[in-house]
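For reference, positions follow the sequence shown, starting with 1.
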Amino acid sequence: VQLQASGGGLVQAGGSLRLSCAASGRIFSINVMGWYRQARGNQRELVASITSRGSTNYADSVKGRFTISRDNVKNTVWLQMNSLKPEDTAVYYCNVPITYFSGSGNATDNYWGHGTLVTVSS
C-alpha cells in the first residue's frame with residue numbers, strides 16, 4: 001500500500017491550488033482521509049478530513065476557502081485551496097488510515113503521503 005501525493009507549488013496571495021493524494025495497493029477499506037500541514041517552526045496540524053460517507057471537517061483557519069473531496073472508487077482525496085494567504089504556506093501531507101489485505105487476514109496502518117510544499121507569496 002502506498003500514497004501518491006501531487007500538487008502544490010508557488011502561488012500569489014488570492015490564488016488557488018489543488019492537491020491530490022491517491023492510495024493504491026491491496027486495499028480492503030478506507031474510512032477517513034485527511035490533509036495536514038506543517039509550517040516552519042510549527043507543529044503539524046489538521047487542515048481538513050472527510051469520511052467515506054462524505055462528512056467533512058475543517059480547521060477554522062481554512063473554512064470557506066478550502067474544500068476537501070474524495071472518490072471512494074479511486075481511493076483518491078483532493079484539497080481545493082482558494083483565496084490562499086501567505087499564512088497557508090506550509091508542507092502539506094495527506095494522511096489515510098488504511099485497512100489492507102495481509103497474509104493472515106486484514107490489517108490497518110496509518111499512512112502518510114510525502115509532503116508537498118505550498119508557498120503563497122504576498
Side-chain angles (χ1 to χ4, degrees):
V1 176
Q2 62 178 355
L3 295 182
Q4 183 66 44
S6 62
L10 173 64
V11 65
Q12 289 187 332
S16 299
L17 285 173
R18 190 187 198 206
L19 307 180
S20 66
C21 178
S24 61
R26 293 170 56 83
I27 296 171
F28 178 75
S29 67
I30 295 175
N31 183 12
V32 179
M33 306 181 83
W35 288 95
Y36 287 71
R37 68 184 180 187
Q38 186 168 18
R40 185 178 298 179
N42 290 354
Q43 291 185 335
R44 191 172 298 188
E45 63 175 358
L46 175 67
V47 176
S49 64
I50 184 169
T51 70
S52 58
R53 294 187 177 187
S55 295
T56 57
N57 179 51
Y58 295 94
D60 287 343
S61 59
V62 307
K63 283 180 180 177
R65 300 187 298 121
F66 291 11
T67 302
I68 190 169
S69 60
R70 65 186 282 175
D71 183 320
N72 290 334
V73 174
K74 297 180 179 179
N75 293 321
T76 300
V77 61
W78 296 274
L79 184 67
Q80 177 66 43
M81 304 182 292
N82 298 329
S83 302
L84 282 161
K85 305 175 180 180
E87 51 263 43
D88 294 319
T89 296
V91 177
Y92 285 69
Y93 301 88
C94 60
N95 174 257
V96 185
I98 298 174
T99 299
Y100 58 93
F101 297 101
S102 69
S104 58
N106 297 337
T108 301
D109 283 333
N110 191 32
Y111 289 85
W112 289 91
H114 65 83
T116 182
L117 178 61
V118 171
T119 304
V120 184
S121 63
S122 57

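- Following chains of ILVMFWY side-chain contacts shorter than 4.5 Å, one can reach Tyr111 starting from Leu79, so the two form part of one hydrophobic cluster.
- Of all non-hydrogen atoms in Gln38 and Gln43, the two that sit nearest each other are CG-C, 4.1 Å.
- Legend: salt bridge (charged side-chain N to carboxylate O under 4.0 Å, His left out) pairs involving residues 84-96, not counting sequence neighbours, sorted by first then second residue: Arg37-Asp88, Arg65-Asp88.
- Remark: the backbone N or O of Thr99 is not paired with any side-chain donor or acceptor of Asn106 at under 3.5 angstrom.
- The line from CE of Met33 to CG of Asn75 is 6.0 Å long, rounded to the nearest 0.5 Å.
- When all heavy atoms of Cys94 and Leu3 are compared, the closest pair comes out as SG-CD1, 3.9 Å.
- At a threshold of 4.5 Å between side-chain heavy atoms, the hydrophobic network of Ile, Leu, Val, Met, Phe, Trp and Tyr places Val77 and Leu17 in one connected group.
- Transitive grouping of hydrophobic side chains (ILVMFWY, heavy atoms separated by less than 4.5 Å) keeps Ile98 and Val32 in distinct clusters.
- Put simply, CZ on Arg53 and CG on Asn72 are 11.0 Å apart, with the number rounded to the nearest 0.5 Å.
- Side-chain atoms of Ser122 never come within 3.5 Å of backbone atoms of Pro86 as a donor-acceptor pair (strictly under, hydrogens ignored).
- Using a 4.5 Å cut-off on side-chain heavy atoms (C-beta onward), Asn57 and Leu46 make contact.
- Checked by atom type and distance alone, the side chain of Ser20 never pairs as donor or acceptor with a backbone atom of Trp78 at under 3.5 Å.
- Under the 4.5 Å side-chain contact rule for hydrophobic residues, Leu19 and Leu10 do not share a cluster.
- Under the 4.5 Å side-chain criterion, counting only non-hydrogen atoms from C-beta, Ile30 is in contact with Arg70.
- The aromatic rings of Trp112 and Tyr93 lie perpendicular to each other, with more than 60° between the two planes, well past the 30° mark.
- Using a 4.5 Å cut-off on side-chain heavy atoms (C-beta onward), Val1 and Asp109 make no contact.
- Under a hydrophobic-cluster definition in which Ile, Leu, Val, Met, Phe, Trp and Tyr are linked whenever side-chain heavy atoms come within less than 4.5 Å, directly or via other members, Val11 and Val91 are assigned to different clusters.
- Between the side chain of Tyr58 and the main chain of Ile68, a donor-acceptor pair closer than 3.5 Å is present.
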